[in-house]
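This report concerns only the one structure given below.
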Protein chains: 2
Amino acid sequence: MAVKIKNTPCQLCLSRKFSMFAGLSEQHLCSLSDSKNFISHKKGQILFYENTKPLGIFCINEGVVKVFKTASNGKEQIIRLAKKGDFLGYTSLIGEDVYSTTATIVEDAQICFVPKETFLNVLAEDMNFHTRITQALCKDLGIMESKLTDATQKSIRERLALTLLKLGDSYGVDGGEKQKIDITLTREEIAGLVGTATETVIRLLSEFKKDSLIDLQGKKIIILDKKGLARLSDFYG
Amino acid sequence: MAVKIKNTPCQLCLSRKFSMFAGLSEQHLCSLSDSKNFISHKKGQILFYENTKPLGIFCINEGVVKVFKTASNGKEQIIRLAKKGDFLGYTSLIGEDVYSTTATIVEDAQICFVPKETFLNVLAEDMNFHTRITQALCKDLGIMESKLTDATQKSIRERLALTLLKLGDSYGVDGGEKQKIDITLTREEIAGLVGTATETVIRLLSEFKKDSLIDLQGKKIIILDKKGLARLSDFYG
DNA sequence: TCAAAAACATGACAACAATCATCATTCTCA
DNA sequence: TGAGAATGATGATTGTTGTCATGTTTTTGA
């Protein structure tokens, strides 16, 4: 269950320093510290549900959260995986809308909840912060445009290869050609990232392994041939 | 060819009043008027290319513009159709990035170009405008999340039905059950919107016609059975 | 206005990927 | 720790959709 354990002041928070909250004034940091709520979450717990009203934003201090939409066929399309330093739920809050997605914990997480009023106040008062948010939104839109294009124009094999490379970028240990993707995702979740059926992911991963593009170490995936995957992800056939 | 014909002051511009530039101060409107460039564009002309640097933003006064990405297979994925009152290119400008898309004229257009400096200056000085931009970005992100989910989880038939309904919302005349989509798009462009092959669109449109869901009047599509299309777009089968 | 180009239409075919079914393996917690 | 659940794996089958080919209709511009 979700447990509130401590309340480190935001001033001392390490993950904040790599987040969009870096550069806030002392006054705003105090305001955040006073109103925030630090909560530990276990894998599988739900942060918020699609179509409910946002009451604040979530700042990830540690852990991984999947943000997804549930399609009319019941399958989950994962929009993104959020990790340390990422914010969740602010688009719905700013857009004055209900959550467009559901967010659940993928790897045990420590997350701060910042109430709506505090966040919107900082947004209104700190012009630089507002600009950082706006820029992040613009970048995210560009990413979504690419994702949409990939989704409609690439084959599943290409998209899976691309997904593995992106996971390598975000969660890879060892920078070189060989790279361990250090995050535990089920085949179903990978399917949700790619936008395909679980069986298809399983089959393609077996194929990639047979072709020495990847290796499977328990639940984790090792990228063996980054260039090979890149080649596979870029072209048709 | 693109022709500069006149330079109506922004203060008097009707399409501005329904755009995000509504509510600007007299001073900022003057600044816009002084620096903008009003240009007529013919169908097929290109406003900007993917991967080039933005020098300003485009405000559509009249006409329709398609904004698309070119996939690695050469096909165009249309991200959105922009019309009167819409802005183009500001996400790349604000995000300090190259254009993520190409924009070309679909229906003869009259478009104002506002140079980077002017736009960024208004953005920096008018807090309310900045907020409107940020809110629009948040809404757009929500739309893209839905599009991505539809792209991966719905069949082409469903997506085409959905696309027709959306086109009806944006370009439909006659509000009722029967609705003429008053925009000229080629089958290839509809395919680009849906994210499929041109032949598939042609086949499905024939099928929809046979099923009395739509009618084809020259190049234009008449929606005959909105409920039928909605049913088709929501569920699997 | 007429020839060339573009757009539309349809058929045949192949391939990709979803679904269903079955079974093995791993994980979880009572 | 052991039973049940969840996850992973694989085969068989089917349907959808993309591709290629061909022909018709419409549009465009010299």
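Throughout, a chain's letter reflects where its sequence line sits, starting with A, and its residues are numbered from 1. Reckoned from all heavy atoms, side chains included, excluding hydrogens, waters and symmetry mates.
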Problem - Verdict with supporting geometry, B/F48 and B/F58, ring pair (Phe, Tyr, Trp, His ring centres under 6.0 Å) - result: CA-CA 10 Å; B/F48 53 79; B/F58 298 87; 5.6 Å; yes

Fill in the blank from the handout: To the nearest angstrom, the NZ-C1' distance between B/K219 and D/dT28 comes to 12 Å

Practice task
Output the single nucleotide from D/dG11, D/dT7, C/dA17 whose closest atom is nearest the side chain of A/R203.
Solution key: D/dG11

Exercise for the section: Identify the heavy atoms of B/R16 and B/C10 that sit nearest to each other, and give their distance. Expected result: NE-O, 2.6 Å

Problem - Stacked cation flag A/K83 on A/Y171, 6.0 angstrom / 45 deg - result: yes

Fill in the blank from the handout: Whole-Å distance, A/E199 CD to D/dG11 P, equals 14 Å

Fill in the blank from the handout: Considering only heavy side-chain atoms of B/S206, the closest of D/dT10, C/dT10, C/dT19 is C/dT10

Exercise for the section: Taking only the side-chain nitrogens and oxygens of A/R187, find out if one of them lies under 4.0 Å from OP1 or OP2 of D/dA9. Expected result: yes

Exercise for the section: Send over the distance from B/I156 CD1 to D/dT16 C1', rounded to a whole Å. Expected result: 9 Å

Problem - Between D/dG18 (P) and B/R157 (CZ): distance, integer Å - result: 12 Å

Practice task
Could you tell me whether A/T198 contacts a base, only the sugar-phosphate backbone, or nothing, with contacts defined as non-hydrogen atoms closer than 4.0 Å?
Solution key: nothing

Problem - Under 4.0 angstrom between B/T200 side-chain N/O and D/dG18 OP1 or OP2 - result: yes

Completion exercise
From CD of B/E189 across to P of D/dT27 the rounded distance in Å is 15 Å

Fill in the blank from the handout: To the nearest angstrom, the NZ-C1' distance between B/K209 and C/dC8 comes to 12 Å

Problem - SB check B/K42 B/D108 (cutoff 4.0 Å) - result: yes

Practice task
Could you check whether B/K75 gets within reach of a base, just the sugar-phosphate, or nothing at all, counting any heavy atom under 4.0 Å?
Solution key: sugar-phosphate

Handout entry: Separation of atom CD1 in B/I214 from atom P in C/dC8, rounded to whole Å
Key = 13 Å

Practice task
Let me know the distance between CD1 of A/I202 and P of C/dC16, rounded to the nearest Å.
Solution key: 20 Å

